[in-house]
Amino acid sequence: MGRLKLQSGIKAIEEEPEEFEPSDPNRATLACMINAEVGAVLAVMRRNVRWGGRYMSGDDQLEHSLIQSLKALRKQIFSWQHSWHSINPTVYLQPFLEVIRSDETGAPITGVALSAVYKILTLDVIDQSTAGVEDAMHLVVDAVTSCRFEVTDPASEEVVLMKILQVLLSCMKSKASVMLSNQHVCTIVNTCFRIVHQAGSKSELLQRIARHTMYELVKCIFSHLPDVENTEHALVNGVSPPKPEVGGLDNDYAFGTKPLENGNSNSDLDGLVSSASLGSNISTGLVSMEESAIGTGSGKDSLPYDLHLMTEPYGVPSMVEIFHFLCSLLNVVEHMGMGSRSNTIAFDEDVPFFALGLINSAIELGGSSIRRHPRLLSLIQDELFRNLMQFGLSMSPLILSMVCSIALNLYHHLRTELKLQLEAFFSCVILRLAQSRYGASYQQQEVAMEALVDFCRQKTFMVEMYANLDCDITCSNVFEDLANLLSRSAFPVNCPLSAMHILALDGLIAVIQGMAERIGNGSVSSEQAPVSLDEYTPFWMVKCDNYGDPSHWVPFVRRRKYIKRRLMIGADHFNRDPKKGLEFLQGTHLLPDKLDPQSVACFFRYTAGLDKNLVGDFLGNHDEFCVQVLHEFAWTFDFQDMNLDTALRLFLETFRLPGESQKIQRVLEAFSERYYEQSPQILANKDAALLLSYSLIMLNTDQHNVQVKKKMTEEDFIRNNRHINGGNDLPREFLSELYHSICKNEIRTTPEQGAGFPEMTPSRWIDLMHKSKKTAPFIVSDSRAYLDHDMFAIMSGPTIAAISVVFDHAEHEDVYQTCIDGFLAVAKISACHHLEDVLDDLVVSLCKFTTLLNPSSVEEPVLAFGDDAKARMATVTVFTIANRYGDYIRTGWRNILDCILRLHKLGLLPARVASDAADESEVSAEPGHGKPLTNSLSSVQMQSIGTPRRSSGLMGRFSQLLSLDTEEPRSQPTEQQLAAHQRTLQTIQKCHVDSIFTESKFLQAESLLQLARALIWAAGRPQKGNSSPEDEDTAVFCLELLIAITLNNRDRIVLLWQGVYEHIANIVQSTVMPCALVEKAVFGLLRICQRLLPYKENLADELLRSLQLVLKLDARVADAYCEQITQEVSRLVKANATHIRSLMGWRTITSLLSITARHPEASEAGFDALMFIMSDGAHLLPANYVLCVDAARQFAESRVGQAERSVRALDLMAGSVDCLAKWCHDAKEAMGEEESAKLSQDIGEMWLRLVQGLRKVCLDQREEVRNHALLSLQKCLTGVDGIDLPHGLWLQCFDLVIFTMLDDLLEIAQGHQKDYRNMEGTLIIAVKLLSKVFLQLLHELAQLTTFCKLWLGVLSRMEKYLKVKVKGKKNEKLQEVVPELLKNTLVVMKNKGVLVQRSALGGDSLWELTWLHVNNIAPSLQNEVFPDQDWEQSHNNVGEIGGSVPGEKSSESMPSEVSGTGG
């Protein structure tokens, strides 16, 4: 049994389980308690004269039965041996209940008896397992509800009434309450309500307690609903109940209007409020038994069922009755009439507020269980909601607030059953009240707005409104209207920001944040296919296959919304020109290509926003098609069980009744036919319906047209309608009802054109109830973002505008924060649904608030920024969005950059935003070259930039603030200034500006491109003239950032390259003086090439070609930066030589290096790079060979450095021959003959270019260089064993190189030029070179047909050299050397059999010519080489002569290189 909860002060008694006899103390305690209660009642009775006297008198008269029964109970209680649970409670309750029922007892006695019953009920002795508990509970309720007592004074009467309430409530709260029948529960509520009603004339305390008890009762009863099984099966034959009639209260029901007459000494609860008696004499409950019968109307035989139902343990029937009663309380007020009231508002507010409170309580506790019980549900759907619509427009904020609470509860628990009701509630109540233009007071607006915001805070609310109403062709756009209302209401127009604005903003942001939260839940369908209609299919009444499965309903509602939008446009076209409008709809496949009456009728019936005059004209037209449309139009209405006037009102609301009588006739005929078909009721035929309809229209005009002076009376109306019902009369009451309905409420034949939010009239409500039976099921949304893209597209513009305006007007940080949360949510949604334009708008809007874009009028913008919380929050938000959602920013980058530039100008950016950004990826370069390279580069750049660096980062700015100027001593910064500065500093740190650029490698391509374009745009066009230092600073900074993002996106360089290159080219080509910008541009370009060459093989040419820009620099600019450029190029080459493959690339590099040969500072670095390429042929390739040789030649010729460098350059050139030989060798091994021959030819040409280059250096003014060049040339000409040079090439070589060089040297020697010293030595080396090369190649050359010509050339040069006069006199050395060389040559030629006297005809020309020349040089040589002796002898002595003729003399004079070559 558990624990007994006894009254305080009595120790709780543990009860044993029933099998065991309980121990004495337990039983005794309860017995004592009941004994005490009996004593208390007797004691009070004794004080009363009537009872006391009779009790004391010694007569033999018997005691009164009440006293006897109490005493008898006293005797029994101590003798009971059983457990209390096995004792029937009636035994110990009966005596008390008799006292309560008795009309002889006074109020004090009744009060004590009630207390006793209350105490026993709260002891927990009675529960559902107690013996006889059911009868006992019924007895208690019957006794207490029919309590009678004498009233002695008002106070004691109130005490009794209070105790009655107490006992009834404890009955409902007791564990045994489940044993009460439906009838008893109704009786309890009925009694309580009567006390509430009575209490109107009593003290405030009783009123409060009575109402509180009523609340508690409703809570007890309805909290039981979720546990109740569905008892509806008890309905007879499943016949659905007709609509319950209104109320159980008479219409003259008046709350507390009559003063209670206490004159009679009896107070009888039944008779207390005769006018308010809700039951018949057998107080059956809220409504008399006949009315409360649940199956009323299903015939007499259903009555027993109903009695049976009402006597069953309580459940749904009693709840239906109670709920119906509570709704009827709202109707009472409706029927009351306000005439006699003085204090209308108080009364007007009090009863409905009380009733609504009880209804709200019932719904809160019944919750979603209500939908299992059709009768309860239908009460809510119809009667309750109809009243809510009416009370929703109440002037009282209290009532309105309660109505809104009920609506929110209903939305939570029963929204799936209340689709159209909710639509009506928002359209006719919330949207009307929340704006001032419908005459609502500020209080009403505020309550309505609070309610709306509460709805918005339900995560699924807006989605469900959109899916169920906005996407339903026949419903209004509630989501759109609410969203517009919120954004409009948040706008402060010419007024300061009020609580209402903030409230509306909260609602907006709640909706937006709901969307933002859904993003993480999957199914963000940004890739939703756009809807399109390819052909007409009847769509008005189409339903979705499965409203529970998103894969079905999402595409379905999106399609419906698309159709609805197109219909709106169609309606607009129709209103301008009906014919063209219908054609437009056919063109967009919303009407069939061949118009049919049904589709046009549906268009007229269901499309919002049509001009009703035009529709009326069309429907009234006599054209056959229009008549068919009219017929179909009438068939779209449902007039089932509708009064004629209601049906007519609904019909005429949809268009304007035309003026001509034939048209009216046609329209009414169609109406009557449809009405008669659906609701014949008492009409004999459709003609009767037609005549009566006509009659109603006439009556309407008569009653409501001001020009009709003599109005029709009821009698006139009835007389006019005689014999119209198939020759008979219609019932008088029927006509009378119609007459009064039309008089009271005009049928508007000119309906208002789309007047915003309509009022809910009774006829419209009836129509709504009809529609709700056919409407599509309610779609319940889960937490996924199925429709957010479409919804956000609708509300994003007004939302951003509203949040921005509030942010602009706001002055408190919490409002700022709300707005910022809104901005971030908008950004998240835009990014997630790929709405780039929305994100751009948001960025533009936010950038305005950073104050960074305002032209700075403030003296100390940094301090102003530090003091402006709004600007700081906006700035952090802008950069948060840029960092988080940069992928979807497009044009917004320009505004973000403007902010960054402003921060840069103010010196608020971290010192090296751009450099850090670029250097991020430096680490990944080769470790050897990486870091030192960057540092040296950036330090060079940093120091040489001539920008106004008044602000090198924050601390610089700060120290400036602290510094003391020389002109006027500055005061120390104040605490506030320091704090403002500190705040600015922290704000900028939070912005993470640098990560926009360092993280740009993660940006989507389109966004990255836009960022680069924005940078180029922000940098401005470089001007030819002098731009201001400030502009230049900006341009430099933008360029730094541009280079940084280029370097960070090396994998996507193709995307950026064109723009970056063009920008740098613009700068380079328009700059005529050295400046920071051009420096940044040139070095940035070099740096990009350095970084990207290793990674982008396919772009190498592009990159290297860009370096040609450097060659286009203005001379002054080039000169200023030459050394640094060269160092960079040198680095570039060293790091990337292996990645440069093409001729074009090498051409650019070598051009850059060649230029430096003439530059004092730069040449060293340039030569260093060239050595890197050419030393040991490390990086020489067929592609760059000629170019490198040419560059080396320029270094050799350059007089900028020491002669020693020119010599090194010559060595590089001479050394490169080995490369040619190696290539030749490799080619032979690796390639086929054809390829090999081709390569040999190429190599030959390279070699020719090499020797031609050396030839040029042979003419150098510096002796050391000149002579070294000759020796190098000799090496290149003689050391070519590994190279297959064709003979023709040698001829070219003699002509172009050797002979030309000899001639040029000769010319110089004879030219008396002062700059050339010691030419004799050079000439000797040159002539020896000639001899040596000639001899070495003699074998090959001798076979050429032109050998003779070549040989003569050699001879003629020797002759000239012999005769040359240097500085006007012949040179002895040459006089010796030339004959020696000639002699040696002749000997070799003779030995090789080249120079032989032939006897053939003319064959001796070589011989002849040789001696012709030789004799000019040294006549003695012929004899020396060919002494006059016979040919044979001379032939035998060849070896001897060859070895000995030159003698000592020759061995002395011959240079060692030449000696030993003769043999």
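- Under a 4.0 Å N-O distance rule, the pair D767/R764 does not qualify as a salt bridge.
- Remark: of the listed residues N477, D472, T607, N477 is the sole one forming a side-chain hydrogen bond (donor to acceptor under 3.5 Å, both in side chains) with K564.
- Atoms CG and CG, on L590 and L585 in that order, are 5.5 Å from each other to the nearest 0.5 Å.
- A heavy-atom distance below 4.5 Å is found between the side chains of R605 and T654.
- The shortest distance between side-chain heavy atoms of T537 and H589 does not fall below 4.5 Å.
- The existence of a salt bridge linking R674 and E632 is excluded, since no basic side-chain nitrogen approaches an acidic carboxylate oxygen closer than 4.0 Å.
- The CZ atom of R415 sits 8.5 Å away from the CD atom of Q458 when rounded to the nearest 0.5 Å.
- Using a 30° and 60° split on the angle between ring planes, F637 and F639 fall in the parallel class, below 30°.
- Counting heavy atoms from C-beta outward, V429 and V403 have side chains that stay 4.5 Å or more apart.
- Counting all heavy atoms, side chain and backbone alike, A483 lies closest to M462 at N-CE, 4.1 Å.
- Two residues are said to be in side-chain contact when any heavy atoms from C-beta on lie closer than 4.5 Å; W540 and Y606 meet this criterion.
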Derivation and outcome, salt bridge (Lys or Arg N to Asp or Glu O under 4.0 Å), residues D790 and R558: CA-CA 8 Å; D790 303 354; R558 290 188 75 239; 2.9 Å; yes
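- Annotation: side chain of D638 is in contact with side chain of K774 (closest heavy-atom distance under 4.5 Å).
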Criterion ring-ring contact (aromatic ring centres under 6.0 Å, His included) on F651 and Y675, from CA distance to verdict: CA-CA 10 Å; F651 188 64; Y675 181 75; over 10 Å; no
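- For the pair R375 and F323, the cation does not sit on the ring face, since its NZ or CZ is not both under 6.0 Å from the ring centre and inside 45° of the axis.
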Trace of the salt bridge (Lys or Arg N to Asp or Glu O under 4.0 Å) decision for R386 with E383: CA-CA 5 Å; R386 189 180 68 237; E383 200 172 344; 5.0 Å; no
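- The aromatic rings of F455 and F425 are tilted relative to each other, their planes meeting at an angle between 30° and 60°.
- Here the side chains of I779 and T416 are not in contact, with every heavy-atom distance at 4.5 Å or above.
- Between Y888 and H834, the ring centre distance stays below 6.0 Å.
- No side-chain N or O of T588 forms a donor-acceptor pair with one of R566 less than 3.5 Å apart.
- A cation-pi arrangement is absent between R559 and F556, since the terminal nitrogen or guanidinium carbon is not both under 6.0 Å from the aromatic centre and inside a 45° cone about the axis.
- Using modelled atom types, one finds no donor on one side chain facing an acceptor on the other under 3.5 Å when comparing N409 with H412.
- Counting heavy atoms from C-beta outward, F778 and Y547 have side chains that stay 4.5 Å or more apart.
- Side-chain polar atoms of E1006 and Q1010 form a donor-acceptor pair below 3.5 angstrom.
- A heavy-atom distance below 4.5 Å is not found between the side chains of R372 and V228.
- Between the side chain of Q586 and the backbone N or O of P592, at least one donor-acceptor pair lies under 3.5 Å.
- Contact record, P798 with S487: CB-OG, 3.4 Å, taken as the closest heavy-atom pair.
- Taking each heavy atom of L433 and A448 in turn, the nearest pair found is CB-CB, 3.8 Å.
- Under the 3.5 Å distance criterion, the side-chain polar atoms of Q421 are left unmatched by any main-chain donor or acceptor of D382.
- Minimum interatomic distance between S489 and M449 (heavy atoms only, all atoms of both residues): OG-CE, 3.2 Å.
- Under the 3.5 Å distance criterion, the side-chain polar atoms of D887 are matched with a main-chain donor or acceptor of Q1004.
- Taking all atoms of both residues into account, the shortest heavy-atom contact from S781 to E464 is N-OE2, 3.0 Å.
- Of the charged side-chain nitrogens involved, at least one lies within less than 4.0 Å of a carboxylate oxygen, so that R518 and D788 count as a salt-bridged pair.
- Note that the CE atom of M465 and the CG atom of N468 stand 6.5 Å from one another [nearest 0.5 Å].
- Closest approach of N575 to G609, counting heavy atoms only: ND2-O, 2.9 Å.
- Checking S476 against E423 by side-chain atom types alone, a donor-acceptor pair falls below 3.5 Å.
- Ring planes of W765 and F385: parallel class, angle under 30° (limits at 30 and 60°).
- One finds the CG atom of N360 at 5.0 Å from the CD1 atom of I406 (value rounded to the nearest 0.5 Å).
- Checking each of F792, Y786, F461, F479 against Y466 for a ring pair (Phe, Tyr, Trp, His ring centres under 6.0 Å) leaves exactly one that passes, namely F479.
- Results of the side chain to side chain contact (heavy atoms under 4.5 Å, CB included) test with F222 over L365, L358, I370 single out L365 as the only residue that passes.
- Crowding of Q598 atom CD: a count of heavy atoms from other residues, nucleotides or ligands under 6.0 Å not exceeding 12.
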